[in-house]
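Model, not experiment: these values are computed from the prediction. Atoms within each ligand, like the ligands themselves, are counted from 1 in listed order. For this chain, numbers begin at 1 and follow the sequence in order. Side chains are part of it too, since the values below use all heavy atoms of this structure and drop only hydrogens, waters and symmetry mates.
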Amino acid sequence: MRENERRRRVEQTQIHRPAVPRVMTVANQKGGVGKTTTTVNIAAALAQAGLRVLVIDIDPQGNASTALGIDHHADVPSIYDVVVEGAALATVVQECPDVPGLWCAPATIDLAGAEIELVSLVARESRLKRAIDAFQQDAGPDQLFDYVLVDCPPSLGLLTVNAFVAATEVFIPIQCEYYALEGLSQLLTNIELIRAHLNPTLHVSTILMTMYDARTRLSSQVADEVRAHFPNEVLKVSVPRSVRISEAPSHGQTVLTYDPSSSGALSYLEAAKELALRASS
Ligand code: ADP
Ligand code: MG
């Protein structure tokens, strides 16, 4: 389908608020597969459609905070204060300057120590869940978040465990490269373990193929293979490898505001609509 036609279709599709708020953890034990890029761009697309969206940056690197143009130097109240100190989520969230309705709980450098500090705390696996639940319970109708997306670090430490306990859905971005499926079985095993011991509602709901290169056979082979394994989870749209997508974070922006007419922006818009429509079907 031509890009103009795709754009016309996506603009005509309405995104509705989900019947119940969705909490999704964006995870993959590999680094550099597009977790952060996917988190911020899907979140921006949902917010631009009029929903209230919260990105929780739980990666000490703070890349999601940077990409959303959110201040996250060492003194800023952050997700560290929430998970380690027990602060209320409402005291750390900031609204994204470019996208109204899109909020972020930033990660600061403190978070690097949180993995170790969490070990000795009570309810160490469910601190993020408690914070989100408390926020949503206290929120008025126009403060409630429709979507909460948690951007995870690549490792499976207590921060990632907190993200898995807080969510009902796991959203896995997979890079279209040869080793894509390697490491995935480990991730699925870990999700099973969390499900058995800590969070029976957790399941993989969504997979997005990223950094798709239409010029190579490898990309389409990998995408086909992943689809064969997960026919119900993989979104129809894949995100192409795009310079505009990789440039946007250095401007503190998502690709949706940095270059809305790019093919990368269009793909993330389509992916967000598909993800939202699936919830209502
Ligand atoms: P992760 O969070 O899994 O470590 P990132 O989202 O940070 O991965 O992406 C890793 C790198 O790849 C970043 O430099 C990012 O800008 C780049 N990148 C992500 N998606 C794309 C894409 N579709 N096209 C081009 N570059 C991309
Ligand atoms: Mg990341």
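- In terms of polar-atom proximity, P249 is not counted as a contact of ligand 1, lacking any N or O under 3.5 Å from an N or O of the ligand.
- The two atoms that bring I58 and C152 nearest to each other are CG2-CA, 3.9 Å, heavy atoms only.
- Salt bridge present: R8 and E5 bring a charged side-chain N and a carboxylate O closer than 4.0 Å.
- A cation-pi arrangement is present between R52 and F145, with the terminal nitrogen or guanidinium carbon under 6.0 Å from the aromatic centre and inside a 45° cone about the axis.
- Nearest protein heavy-atom contact of atom 19 (C) of ligand 1 is T37 OG1, 3.3 Å.
- Every atom of ligand 1 is numbered from 1 in the order shown, and the set under 4.0 Å from a heavy atom of I245 is 20 (N), 21 (C), 22 (C), 23 (N).
- Closest to atom 12 (O) of ligand 1 among all protein heavy atoms lies M211 CE, 3.9 Å.
- The pair E270-K273 fails the salt-bridge criterion, with no side-chain N (NZ, NE, NH1 or NH2) lying under 4.0 Å from an Asp/Glu carboxylate O.
- Geometrically, ligand 1 and K35 share a nitrogen or oxygen pair separated by less than 3.5 Å.
- Under 4.0 Å is where a charged nitrogen must lie from a carboxylate oxygen, and between D213 and R241 no such pair does.
- The pair R278-E169 does not meet the salt-bridge criterion, since no charged nitrogen lies less than 4.0 angstrom from a carboxylate oxygen.
- Residue S242 places a heavy atom less than 4.0 Å from ligand 1.
- G34 N, 3.0 Å is the protein heavy atom nearest to atom 8 (O) of ligand 1.
- Coordination check, T37 versus the Mg ion (ligand 2): failed, since every N/O/S atom of the residue sits at 2.8 Å or beyond.
- Residue V33 places a heavy atom less than 4.0 Å from ligand 1.
- Close approach to V239 involves these atoms of ligand 1, each under 4.0 Å from a residue heavy atom: 23 (N).
- Within the 4.0 Å heavy-atom cutoff, G32 counts among the residues contacting ligand 1.
- Within the listing of ligand 1, atoms 22 (C), 23 (N), 24 (N) sit less than 4.0 angstrom from a heavy atom of P240.
- The backbone N or O of F164 lies less than 3.5 Å from a partner atom in the side chain of N199, making a donor-acceptor pair.
- In this model, no donor atom of one side chain and acceptor atom of the other lie less than 3.5 Å apart for N162 and T160.
- Atom 14 (O) of ligand 1 is not flagged as protein-proximal [any protein heavy atom, distance under 4.0 Å].
- From the protein, the heavy atom lying nearest to atom 17 (C) of ligand 1 is S246 CB, 4.3 Å.
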Legend entry - Stepwise side chain to side chain contact (heavy atoms under 4.5 Å, CB included) check, L256 with V99: CA-CA 9 Å; L256 279 105; V99 187; over 6 Å; no
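- Nearest non-hydrogen protein atom to atom 7 (O) of ligand 1 is T36 CB, 4.0 Å.
- The two atoms that bring L54 and L89 nearest to each other are CD2-CD2, 3.9 Å, heavy atoms only.
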